[in-house]
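Structure first, then comments.
All values below come from the heavy atoms of this structure, side chains included, with hydrogens, waters and symmetry mates left out.
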Amino acid sequence: SSEVQEIEEIVSTRGDSPTRVAPLTSAKDPPPYGAQHRQDALWEEVGGNEALPPGWHQFEVGGSKTQYQDDNLIMSSWNRHLPGVRLGRSYFVNHNTQSTSWKKPVPDRPVGSLTPECIIEGHSEYIWGLACVGTGCNMMSASEDGSIRQWIRDGEPVGEPWKSDGGAVMSLAVSPDQTKVVSGSVDGRLRLWNVKEGSVVGDPWEGHSARVRSLDWSPNARETASGSQDGTIRRWNPNTGRQIAPPTETGHRGVNTVKYSPRGDKFASCGYERVIR
């Protein structure tokens with residue numbers, strides 16, 4: 001290797017040939033837990049027959065000289081380690097069990113943290129939107145791959161993916177009666193889907209000039225609201241696919257989320273400016 005060649009060049013003027021040797025290792029335990037352990041990781045100096053740290057190699061030259069070399073730093077030294085270089089290895093402290101180990105412990109999960117029931121896979125690109133369907137907590141997902149998928153709780157797919165002709169599906173929302181889904185795509189158009197059939201109802205709803213990032217149904221299901229990268233919120237009649245009011249200029253550079261109030265007489269929005277309107 002290049003490292004061995006380098007050492008051979010170093011020692012060629014001395015008339016000796018380097019012989020790589022395996023440094024002795026020690027199976028001794030790290031220092032015991034004590035009151036001085038206020039950190040999670042500490043350093044144990046190499047001494048005696050301790051193992052060299054990763055990247056270091058030891059060579060014998062001429063039977064009486066020792067060569068050390070660090071592959072990472074491309075440094076070498078005769079008979080002793082390089083000045084200022086501390087050879088050793090880290091050991092780890094577990095304050096819960098009051099013990100030490102050469103191996104890094106797996107952190108304990110915080111009390112009250114959630115553990116996934118399952119991990120669901122199937123989309124081939126980013127997933128931009130999720131919604132629950134029905135009392136059994138079935139799920140629907142909208143993806144950059146241009147599809148909408150439905151899943152049961154244990155992660156099994158329901159039927160075939162719904163393919164949108166508008167490119168990436170950026171958002172979706174399920175109607176209050178769980179029979180319809182409205183989706184927003186990167187082409188700036190909305191589409192209404194029949195949940196049972198898995199098919200588009202009517203023509204796409206047109207109005208936005210940029211991708212549709214957020215959707216919501218009013219509590220009475222009489223209208224839907226869409227928030228777009230174009231900075232507007234638009235209100236739609238889901239029965240006709242037509243807008244029921246002029247677009248709302250939000251002042252956001254892009255509307256990331258829009259949500260109706262419980263009474264359906266107001267909605268809130270947020271964008272890239274870190275403010276809610």
- Query: Linking I/L/V/M/F/W/Y whenever any side-chain heavy atoms sit under 4.5 Å apart, do V200 and L172 land together?
  - Reply: yes

- Task: Give the ring-plane orientation class for W193 versus W162, where under 30° counts as parallel, over 60° as perpendicular and anything between as tilted.
- Result: parallel

- Query: Any donor and acceptor pair, going by atom type alone, linking the side chain of D230 with main-chain N or O of S209 inside 3.5 Å?
  - Reply: yes

- Item | Interatomic distance, S269 atom OG to I233 atom CD1 [nearest 0.5 angstrom] | 4.0 Å

- Task: Indicate whether the side chain of W236 and that of S226 have a donor and an acceptor atom separated by less than 3.5 Å.
- Result: yes

- Message: Does D203 have more than 12 heavy atoms from other residues, nucleotides or ligands lying within 6.0 Å of its CG?
- Response: no

- Task: Just jot down the side chain to side chain contact (heavy atoms under 4.5 Å, CB included) partners of Q178, sequence neighbours excluded, or say none.
- Result: V133, V174

- Message: With a 4.5 Å cut-off on side-chain heavy atoms, are T224 and L215 touching?
- Response: no

- Query: Does R191 reach the side chain of S185, with side-chain heavy atoms less than 4.5 Å apart?
  - Reply: yes

- Query: Within a strict 4.5 Å, meaning less than it, do heavy atoms of the H123 and E144 side chains meet?
  - Reply: no

- Message: Test side chain to side chain contact (heavy atoms under 4.5 Å, CB included) on M139 and Q150; report intermediate values, then the result.
- Response: CA-CA 6 Å; M139 289 167 287; Q150 188 173 356; over 6 Å; no

- Task: Supply the atom-to-atom distance K180 NZ to L192 CG, rounded to the nearest 0.5 angstrom.
- Result: 6.5 Å

- D145 and S124: which non-hydrogen atoms are nearest, and at how many Å? OD2-N, 3.1 Å

- Query: Going hydrophobic residue to hydrophobic residue with side-chain gaps under 4.5 angstrom, can you get from F267 over to V255?
  - Reply: yes

- Item | Path from V182 to V212 over hydrophobic side-chain contacts below 4.5 Å | yes

- Task: Answer yes or no: is there a donor N or O on one side and an acceptor on the other, between the side chain of D154 and the main chain of E156, under 3.5 Å?
- Result: yes

- Note on the structure: Rounded to the nearest 0.5 angstrom, the OG-CD distance for S214 and Q229 is 12.0 Å

- Using only heavy-atom distances, determine whether the side chains of H252 and R277 contain a donor-acceptor pair under 3.5 Å. yes

- Item | Residue pair H208 / L190, side-chain heavy-atom distance below 4.5 Å | yes

- Item | Point-to-point distance, once rounded to the nearest 0.5 Å, from CD of E223 to CG of D216 | 10.0 Å

- For the pair T250 (side chain) and T232 (backbone), establish whether a donor and an acceptor sit closer than 3.5 Å, ignoring hydrogens and angles. no

- What's the shortest heavy-atom distance between E125 and S143, and which atoms? O-OG, 3.5 Å

- Message: Quiz question: by atom type and distance under 3.5 Å, do the side chains of Q243 and R234 form a donor-acceptor pair?
- Response: yes

- Item | Any residue meeting ring-ring contact (aromatic ring centres under 6.0 Å, His included) with Y126, in chain and number order, not counting sequence neighbours | W128

- State the CZ-CE distance between R211 and M170, to the nearest 0.5 angstrom. 4.5 Å

- Under 4.5 Å between any side-chain heavy atoms of S171 and R213, yes or no? no

- Note on the structure: Closest heavy-atom pair, A225 versus V258, reported as atoms and distance to 0.1 Å, is O-CG1, 4.0 Å

- Message: Rounded to the nearest 0.5 Å, what separates atom CG in D165 from atom CG in D187?
- Response: 7.5 Å

- Message: Hydrophobic clusters here meaning ILVMFWY residues chained together by side-chain heavy-atom distances under 4.5 Å, can you tell me if V201 and V181 are in one?
- Response: no

- Taking every non-hydrogen atom, the tightest pair across V169 and S183: CG1-CB, 4.0 Å

- Heavy-atom closest contact (S141 atom, L130 atom, distance): CB-CD2, 3.6 Å

- Cationic N near anionic O, under 4.0 Å, D265 to R263: no

- Validation row: R222, W217 side chains within 4.5 angstrom (heavy atoms): no

- Query: For the residue pair I152 and V158, what are the closest heavy atoms and their distance?
  - Reply: CG2-CG2, 3.5 Å

- Do W151 and M140 have side chains that get closer than 4.5 Å, going by heavy atoms? no

